[in-house]
Amino acid sequence: MISNLSVLGAEPPADGSATRWEPQRMAILLVYDPVHGWSSTQFNADAPDPAWSAFRLPHPHATPGPFEVAAVAGRPAVDLRLSRTSRPCTSQCAPFGDDQFLRWQSEPGVRGTGTLRSPHGDTRCELVGYHERVRGRWSWPVLGGWVFGFANAPSDDPVAPPPWSVVFTLIQPRYPRDAANGSVMLWRDGRMIRHFPRRRLEVAVHGELDRDRVVLVPPLAATLATPPAPVVPRRLLITARLGDDRLVLDFRPTTAARIANPSETSLRPFSVHELLGACAIEGVVSGRAFGFETHGIVEFAGDAHDD
């Protein structure tokens, strides 16, 4: 299950008046069924306001809260109880362009129990995932694109934080030349223990995912003459090293949902790809070797250009 809830605006009007436009609220939900594949709402999914957030304080750990998002038509939908198990990373900020910036904060180890509803039926499940809060002022094509992903190590404890979690981010604005930003972060038992900065990362991709495994969403996107999808890599390898500490993340997607997003600054949409697949992680921290295999989620975005 992947969900994005956003509030866009409000910018001052171009005529210089003090009146501001009302913020634009958007919500989309994606549900993946291993048998039937992807299903998606439009950008007008019904969502609570305010929605559940790990960053809304006070927010004690292991205190479940409701998270309900549904298509206007009823399906897909989720009815979950989410709870925190971990601590967030420090807030990170990336300035770029002339006066734009992106500020984000990540927290892995979010546990959920409840029901996923797809057009093919209901599934009762227990989930472990990730929550991110992004704020700032940005637009396309100035932002360029981003890549981020996460993986939580498997655990038999239904309430404890994952024994290991990894979150990585790479932002590649169009200008200035040194605006690229990113990091790899490692959590152990719910607390972040290593932060590898951008200059200590190497990112490599290999091959192409079969285009039959890439699904265009939301449902109306196929009727809007959406341009062909860019290539989705078949393998993503991220290597981080700081002193004697190192971490290698090897992600091999098996399916992807391409979300065609409207651009606020051009007629051409930009794409956000949500990739699901197997993830193998190994490394050494403070002389201690670790490693695990799990399922991961990777997202990359971009592809909007001036018209």
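Model, not experiment: these values are computed from the prediction. Quick note: numbers below take in every heavy atom, side chains included, and nothing from hydrogens, waters or symmetry partners.
In this structure, the separation between OG on S3 and CD1 on I28 is 8.5 Å, given to the nearest 0.5 Å. Note: E126 CD to R81 CZ = 14.5 Å, rounded to the nearest 0.5 Å. Considering CZ of F43 and OG of S6, their distance stands at 8.5 Å, rounded to 0.5 Å. Atom CD1 of I297 sits about 5.5 Å away from atom CG of L276, to the nearest 0.5 Å. Taking OG1 of T90 as the reference point, atom CE of M185 lies at 7.5 Å (rounded to 0.5 Å). R117 contributes atom CZ, which lies 13.0 Å from atom CE of M1 (distance to the nearest 0.5 angstrom).
Following chains of ILVMFWY side-chain contacts shorter than 4.5 Å, one can reach I2 starting from V215, so the two form part of one hydrophobic cluster. No chain of hydrophobic side-chain contacts below 4.5 Å, direct or via other Ile, Leu, Val, Met, Phe, Trp or Tyr residues, connects L29 to V134. In terms of hydrophobic clustering, with Ile, Leu, Val, Met, Phe, Trp and Tyr side chains grouped at heavy-atom distances under 4.5 Å, V272 and M26 are assigned to a common cluster. Hydrophobic cluster membership differs between F150 and L5, with clusters built from Ile, Leu, Val, Met, Phe, Trp and Tyr side chains linked at under 4.5 angstrom. Under a hydrophobic clustering in which Ile, Leu, Val, Met, Phe, Trp and Tyr are joined whenever their side-chain heavy atoms come within less than 4.5 Å, directly or via other members, V31 and L82 fall into the same cluster.
Residues F168 and L247 fail the side-chain proximity criterion, which asks for heavy atoms closer than 4.5 Å. For the pair Y32 and L30, the minimum side-chain heavy-atom distance is 4.5 Å or more. Put simply, the side chain of S155 reaches to within 4.5 Å of the side chain of R111, judged on heavy atoms. Side-chain contact between F55 and P88: present, with at least one pair of heavy atoms (C-beta onward) separated by less than 4.5 Å. Taking 4.5 Å as the limit, some side-chain heavy atom of L116 sits within range of a side-chain heavy atom of L80. By the 4.5 Å heavy-atom criterion applied to side chains, P154 and V128 are not counted as neighbours. Two residues are said to be in side-chain contact when any heavy atoms from C-beta on lie closer than 4.5 Å; I171 and L143 meet this criterion. No side-chain heavy atom of L201 sits under 4.5 Å from any side-chain heavy atom of L170.
For R56, the CZ atom counts as densely surrounded, since its 6.0 Å shell holds more than 12 non-hydrogen atoms of other residues, nucleotides or ligands. Atom CG of D157 has more than 12 neighbouring heavy atoms from other residues, nucleotides or ligands inside a 6.0 Å radius. Surrounding CZ of R213 are at most 12 heavy atoms belonging to other residues, nucleotides or ligands under 6.0 Å away.
No donor-acceptor pair under 3.5 Å is formed between the side chain of T239 and the backbone N or O of E202. The backbone N or O of G190 lies less than 3.5 Å from no partner atom in the side chain of R87, so there is not a single donor-acceptor pair. A donor-acceptor contact shorter than 3.5 Å links the side chain of Q100 to the backbone of S139. A distance-only check finds no donor-acceptor pair linking the side chain of D79 to the backbone of A77 [under 3.5 Å].
Sorted by first and then second residue, the ring-ring contact (aromatic ring centres under 6.0 Å, His included) pairs with a member in residues 192-245 form an empty list; sequence neighbours excluded. Screening residues 84-122 for ring-ring contact (aromatic ring centres under 6.0 Å, His included), with sequence neighbours left out, gives H36-H120.
Applying the side-chain hydrogen bond (donor to acceptor under 3.5 Å, both in side chains) rule to R235 yields the partners D250; only residues at least two apart in sequence or on another chain are considered.
Of the listed residues (R84, H131, E107), just one forms a side-chain contact (heavy atoms from CB on, under 4.5 Å) with S53, and that residue is H131.
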(request) Carefully, step by step, assess Q42 and V72 under the rule side-chain contact (heavy atoms from CB on, under 4.5 Å). (result) CA-CA 8 Å; Q42 305 290 354; V72 173; over 6 Å; no
(message) Apply side-chain contact (heavy atoms from CB on, under 4.5 Å) to residues V231 and R211 and explain how you reach the verdict.
(response) CA-CA 8 Å; V231 171; R211 287 181 182 266; 4.0 Å; yes
(request) Let me see the working for L237 and V248 under side-chain contact (heavy atoms from CB on, under 4.5 Å), right down to the final yes or no. (result) CA-CA 7 Å; L237 190 69; V248 177; 3.9 Å; yes
(request) Before giving the answer on side-chain contact (heavy atoms from CB on, under 4.5 Å), spell out for T294 and N152 the whole-Å C-alpha distance, their side-chain angles and the decisive distance to 0.1 Å. (result) CA-CA 7 Å; T294 185; N152 292 301; 5.7 Å; no
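Closest approach of A71 to D46, counting heavy atoms only: O-OD2, 4.4 Å.
Ring-plane geometry between W164 and F290 is classed as parallel, the angle between the planes falling under 30 degrees on a 0 to 90 degree scale with a further cut at 60.
Here Y130 and F148 bring their ring centres to under 6.0 angstrom of each other.
In the model, Q92 has a side-chain atom that pairs as donor or acceptor with a side-chain atom of S183 under 3.5 Å. Residues R194 and S286 bring a donor and an acceptor atom of their side chains to less than 3.5 Å of each other. A donor atom on one side chain and an acceptor atom on the other are found under 3.5 Å apart for R258 and S271.
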